[in-house]
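Beneath this line is the structure, given in structure tokens, with notes to follow.
Ligands are counted one by one from 1 in listed order, and the atoms in each one are counted from 1 as well.
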Amino acid sequence: MEVIKILREVSNKIYENVKDLAGTEHAAGDFGRGAGGDISRNIDIIAEKTVLDYLKEINFECVVLGEECGRVELSNNPKGYIIMDAIDGSANAVRGVPFFCSSLAFATENKLSSITDGVITNLANGEMYWASKNKGSFFNDVQIKVHNKDPIYKIVGINTSGATTNLMKRLHPIFENHNHTRHFGANALEMALFARGLMDVFIDLRDKIRIQDIAAGYLIVKEAGGLLLDSDLNPLDADLSYETRVSFIAAANQKILDEIMSQINQ
Ligand code: IPD
Ligand code: CA
């Protein structure tokens, strides 16, 4: 089976297994700290187990890099890496805020830039965003592109969760300049909305985001024609290690990137 089909199939299984759990006490059960450093909740564990069980069932030879389970070698002869954030937006999922997703990507090497396939599934409703390298990005069965026109309302997504005072001071002009700023609480799904053209820019300059949270979004944004840059405005890339934390800016085109960058205090 093609890798993208495997990722789509197992994403549907995650949706089936967690769709009635969000906001329940059962979802919140505490399993201690996972490999990514946050508390693993029952809903995270159920979603990850869905993926691990399925990959074992179909004998998919890979190394899984999961946010909770850490590195799991499913073969001595792996074809590559599955980068798994089985629940992105765990706080929303546990509280029942309907904005959380799964993020699954496949990479042939230990680098973001070697990702060949990515799937983000909105677990509040089962909608799916997916991409394979050089084949475009899709929302369910429809090809998507970033919003490349002058927007009627400029929507600027900014992750401000846990941002330092210094970062908030740098970003302040963006808030002040009457951009329509948004922050929903699940980076992967926000990248997917950006790729679909529902936001014009998405910024996370906190130096906190893990590879698992952005791996699928990385490919979906690029295949939808978005610019994806690091904080020095170089093309975003990073290794897949658990220590890696990144900052990034996704912009629909150079004009809107320049406009937003001119509003960020250095
Ligand atoms: C979190 C979400 C959130 C971001 C956090 C991430 P998680 O992922 O992506 O938007 O602000 O930094 O940790 O922990 O829910 O998988
Ligand atoms: Ca997670």
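Interface of N187 with ligand 1, defined as ligand atoms under 4.0 Å from a residue heavy atom, comprises 2 (C), 9 (O), 10 (O). Within the listing of ligand 1, atoms 7 (P), 14 (O), 16 (O) sit less than 4.0 angstrom from a heavy atom of E67. Ligand-side atoms of ligand 1 in range of S90: 15 (O), range being under 4.0 angstrom from any heavy atom. Close approach to I87 involves these atoms of ligand 1, each under 4.0 Å from a residue heavy atom: 16 (O). Every atom of ligand 1 with a heavy atom of N159 under 4.0 Å away is listed here by number and element: 4 (C), 10 (O), 11 (O).
In the model, E223 has no side-chain atom that pairs as donor or acceptor with a side-chain atom of S137 under 3.5 Å. Neither side chain, D88 nor N187, offers a donor N or O lying under 3.5 Å from an acceptor on the other.
R210 has a carboxylate O that lies under 4.0 Å from a charged side-chain N of D213, or vice versa, which qualifies the two as a salt bridge. Between K154 and E259, at least one side-chain N (NZ, or NE/NH1/NH2) sits under 4.0 Å from a carboxylate O, which counts as a salt bridge.
G185 O, 3.7 Å is the protein heavy atom nearest to atom 3 (C) of ligand 1.
Under 4.0 angstrom from ligand 1, the non-hydrogen atoms of R210 all belong to its side chain.
For a threshold of 3.5 Å applied to N or O pairs, the pair formed by A91 and ligand 1 contains no separation below that value. Taking distance alone, with nitrogen or oxygen atoms compared against 3.5 Å, S161 stays at or beyond that limit from ligand 1.
Ring orientation note: the planes of W130 and F138 are close to parallel, at an angle under 30° on the 30°/60° scale.
Annotation for G226 and F194: closest pair CA-CE2, 4.3 Å, computed over non-hydrogen atoms.
Atom NZ of K19 is surrounded by more than 12 heavy atoms from other residues, nucleotides or ligands within 6.0 Å.
For atom 5 (C) of ligand 1, the candidate residues are R206, K208, Q212, M191; the nearest heavy-atom contact is made by R206. The option with the heavy atom closest to atom 8 (O) of ligand 1, from among D85, D88, L189, is D88.
Among the backbone and side-chain atoms of A86, none of the N, O or S atoms lies under 3.0 Å from the Ca ion (ligand 2).
Taking the Ca ion (ligand 2) as reference, the nearest N/O/S atom within D85 carries the name OD1.
Rounding to the nearest 10°, we obtain 170° for the angle at the Ca ion (ligand 2) between I87 O and E67 OE2.
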| request: Decide salt bridge (Lys or Arg N to Asp or Glu O under 4.0 Å) for K13 and E16; before the verdict, give the C-alpha distance in whole Å, the side-chain angles of both, and the deciding distance to 0.1 Å. | output: CA-CA 5 Å; K13 287 179 188 290; E16 286 305 317; over 6 Å; no
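In this structure a side-chain-to-backbone donor-acceptor pair under 3.5 Å is present from E48 to E68.
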